[in-house]
Amino acid sequence: MADQPLLNTYGRLPIVFDHGQGPWLFDTQGHRYFDTFSGIAVCGLGHSHPAVTEAISAQSTKLMHCSNLFHTSIQHELAQQLCTLAGMDGVFLANSGAEANEAAIKLARLYGHNRGIESPTIVVMERSFHGRTLATLTATGNARVQAGFEPLVSGFRRVPFNDIAALQSLADSDPSIAAVLLEPVQGEGGMTLADRQWLHDVRALCDRQGWLMMLDEVQTGNGRTGQLFACQHYGVLPDVITTAKGLGNGFPIGACLARGKAAQVFQPGHHGSTFGGNALACAAALAVLQTLQRDKLMARATELGARILDELRAAFAGAEYVREVRGLGLMIGIEMRTPCPELVPLAKARGLLLNVTSECVIRLLPPLTLTDDEARYMVDRIIQTIKLYAGDDRQRPRTAPPPGGRGITRH
């Protein structure tokens with residue numbers, strides 16, 4: 001589609017999708033592909049989940065949008081559920097992860113100004129990703145995606161991930177710091193997990209310094225790791241949580257949650273959004289939260305994720321071309337020893353959609369609704385494809401694809 005009217009902002013594969021069902025996407029030629037990364041952690045319930053479809057359809061007959069100059073009951077219902085489930089006190093509803101992070105950045109700056117800091121600074125991590133707006137791009141720890149967009153925004157300091165000594169050094173030397181922003185699992189940064197002790201040390205340091213601890217859970221949130229938010233695995237309660245992606249299962253919505261002193265920072269006129277918290281988005285998000293709880297999908301992500309990790313580790317034990325397999329729940333990374341961009345078209349030719357991040361990490365973010373048969377097919381197909389790519393002739397026998405229906409039965 002070289003003559004398309006869309007701006008050339010994405011390196012798209014030569015494929016045009018028409019519809020999806022569960023973990024499957026179907027192109028305009030009738031071919032189906034197994035989506036191993038759920039639109040990059042968006043469709044956590046799978047494509048076209050009936051609960052979300054029905055919620056959006058029903059809400060569309062009542063109210064789709066209302067100015068935020070007024071209240072809507074469905075917005076309040078979603079805010080209450082999010083705060084209750086996350087242990088937070090208030091939420092600002094936006095349209096995306098980048099917008100949620102922009103809200104957190106503004107909140108942190110205003111918090112710093114309220115404490116008498118003339119030019120508040122936010123500490124961010126190397127190899128992080130927080131979005132592509134100018135402020136979130138600056139917060140992102142990837143020079144490649146920043147290139148060409150200078151001058152970047154001031155007010156950020158960067159330290160290595162999982163390094164409390166570096167953060168303490170900044171605390172000792174920079175009195176302008178107001179907050180720390182980090183991801184509990186760096187998705188774009190190579191599926192790297194935060195160390196438990198480090199997160200607790202960051203929380204303690206923030207408490208001593210009066211900083212806000214802000215966690216970007218845009219990718220890790222909404223049941224992806226086996227808890228609603230990944231910080232709940234660690235027993236750490238931040239001051240601010242941002243999320244999006246899986247919250248709407250494909251319908252655009254983002255949220256910036258805050259508690260305690262952070263929840264008191266914004267006052268009328270400090271921030272806003274025309275479409276943030278619109279009724280359709282809230283209906284979709286409520287359907288997602290209800291389905292996650294009703295179908296026990298977070299426990300399913302924990303159990304199934306552990307099995308998939310075990311299978312992949314066993315399959316690649318001793319394989320010199322795989323450095324490590326790691327993950328949390330259904331957020332799994334297979335790190336190759338060398339860059340592997342050719343894996344993506346190879347997998348596509350075999351009916352498998354793969355995503356490679358940080359040049360050599362295969363990022364798996366399958367739907368939380370996978371059946372055992374679907375999970376088996378996905379794992380076998382991934383193993384076969386990676387071994388084929390690596391020239392490893394110890395491939396498994398090919399597994400037949402499961403039926404094309406949703407198959408919501410779980411064992």
Side-chain angles (χ1 to χ4, degrees), residues 36-44 86 97-98 100-101 104 123-131 136 139-142 158-164 167 180-203 213-238 240-247 254-255 257 292 297-298 300-306 308-309 312-313 323-336 355-368:
T36 68
F37 55 98
S38 305
I40 312 183
V42 170
C43 296
N101 283 332
V123 182
V124 291
M125 303 296 127
E126 295 177 0
R127 299 177 64 84
S128 61
F129 185 86
H130 299 293
T136 58
T140 292
N142 185 335
R158 199 173 310 282
V159 297
F161 193 62
N162 279 331
D163 187 340
I164 194 62
L167 191 57
V180 177
L181 174 63
L182 62 92
E183 303 155 280
V185 182
Q186 291 188 326
E188 293 286 338
M191 305 293 272
T192 305
L193 280 67
D195 294 335
R196 174 176 290 273
Q197 187 58 53
W198 178 68
L199 270 190
H200 281 270
D201 289 344
V202 172
R203 174 72 274 178
M213 182 181 187
M214 308 196 301
L215 295 189
D216 177 341
E217 296 235 23
V218 169
Q219 192 166 145
T220 54
N222 309 298
R224 169 59 50 192
T225 66
Q227 295 281 357
L228 186 65
F229 294 108
C231 61
Q232 293 168 327
H233 287 286
Y234 293 88
V236 170
L237 186 60
V240 175
I241 297 174
T242 60
T243 193
K245 287 191 179 287
L247 183 57
L257 296 90
L292 287 174
L297 292 178
M298 288 176 279
R300 174 65 173 171
T302 297
E303 177 264 330
L304 186 58
I308 291 174
L309 273 174
L312 292 172
R313 285 168 174 163
R323 185 183 301 276
E324 185 183 19
V325 180
R326 55 182 176 266
L328 185 62
L330 283 173
M331 188 172 186
I332 296 169
I334 305 169
E335 183 176 0
M336 307 292 283
N355 175 250
V356 173
T357 187
S358 292
E359 297 188 329
C360 57
V361 179
I362 302 162
R363 175 169 49 174
L364 303 179
L365 304 160
L368 280 59

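Quick caveat, the model's predicted, so the values are computed rather than measured.
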Margin query: I want to check something: taking the side chain as every heavy atom from C-beta on, are Leu328 and Thr220 in contact at a cut-off of under 4.5 Å?
Written below: no
Item checked: Donor-acceptor contact below 3.5 Å, side chain Gln219 vs main chain Ala41 -> no
Notebook entry, point to check: Donor-acceptor pair, Gln232 side chain versus Gly226 backbone, under 3.5 Å?
Noted result: no
Note to self: So Thr242 and Met214, do their side chains get closer than 4.5 Å, heavy atoms only?
What the structure shows: no
Next item on the list: State the CG-CD distance between Asn222 and Gln227, to the nearest 0.5 angstrom.
Entry: 13.0 Å
Notebook entry, point to check: Within the distance-only criterion (no hydrogens, no angle test), does the side chain of Thr192 pair as donor or acceptor with the backbone N or O of Gln186 below 3.5 angstrom?
Noted result: no
Checklist line | Check: Val361 main-chain N/O paired with Arg323 side-chain donor or acceptor under 3.5 Å | finding: no
Item checked: Close side-chain approach of Trp198 to Leu182, heavy-atom, < 4.5 Å -> yes
Margin query: Strictly distance-based, threshold 3.5 Å: is any side-chain N or O of Glu183 a donor or acceptor partner for the main-chain N or O of Phe129?
Written below: yes
Check: Would you find a donor on one side and an acceptor on the other, under 3.5 Å apart, between the side chain of Thr357 and the backbone of Met191?
Finding: no
Checklist line | Closest heavy-atom pair and its distance - Leu193, Tyr234 | finding: CB-OH, 4.1 Å
Margin query: Applying side-chain contact (heavy atoms from CB on, under 4.5 Å) to Leu368 and Arg300, what does each step give before you reach the verdict?
Written below: CA-CA 7 Å; Leu368 280 59; Arg300 174 65 173 171; 5.9 Å; no
Next item on the list: Please identify each residue that fulfils salt bridge (Lys or Arg N to Asp or Glu O under 4.0 Å) with Glu188, with sequence neighbours left out.
Entry: Arg363
Check: Of the options Thr36, Ile362, Ile308, which is the one that meets Ile332 in a side chain to side chain contact (heavy atoms under 4.5 Å, CB included)?
Finding: Ile308
Margin query: Main chain of Gly221, side chain of Lys245: is a donor-acceptor contact present, judged purely on distance under 3.5 Å?
Written below: no
Item checked: Nearest-0.5 Å distance, CG of residue Asp163 to CD of residue Glu126 -> 8.5 Å
Notebook entry, point to check: Do you know the tightest heavy-atom contact between Ser358 and Gly190?
Noted result: OG-N, 3.2 Å
Next item on the list: Locate the shortest heavy-atom distance separating Leu237 from Ala86; write the atom from each residue and the value.
Entry: CD1-O, 3.7 Å
Item checked: Those residues that, when tested against Glu359, pass salt bridge (Lys or Arg N to Asp or Glu O under 4.0 Å) (two or more places apart) -> none
Check: Taking atom CZ of Arg158 and atom OG1 of Thr140, what is their separation to the nearest 0.5 Å?
Finding: 7.5 Å
Check: Of all heavy-atom pairs between Cys231 and Leu215, which one has the smallest distance, and what is that distance?
Finding: CB-CD1, 3.4 Å
Item checked: Spacing of Ile334 atom CD1 and Glu324 atom CD [to the nearest 0.5 Å] -> 11.5 Å
Check: Is the shortest heavy-atom distance from the side chain of Ser38 to the side chain of Arg224 under 4.5 Å?
Finding: yes
Check: Can you tell me how far CG of Asp201 sits from CG of Leu167, rounded to the nearest 0.5 angstrom?
Finding: 9.5 Å
Item checked: Option passing side chain to side chain contact (heavy atoms under 4.5 Å, CB included) with Met125 (candidates Val180, Asp216, Asn162) -> Val180
Check: For the residue pair Val236 and Met213, what are the closest heavy atoms and their distance?
Finding: CG1-CE, 3.7 Å
Item checked: Verdict with reasoning, Arg127 to Phe161, per side-chain contact (heavy atoms from CB on, under 4.5 Å) -> CA-CA 8 Å; Arg127 299 177 64 84; Phe161 193 62; over 6 Å; no
Next item on the list: Quick one: closest heavy-atom pair of Thr136 and His130, and the distance?
Entry: CB-O, 3.3 Å
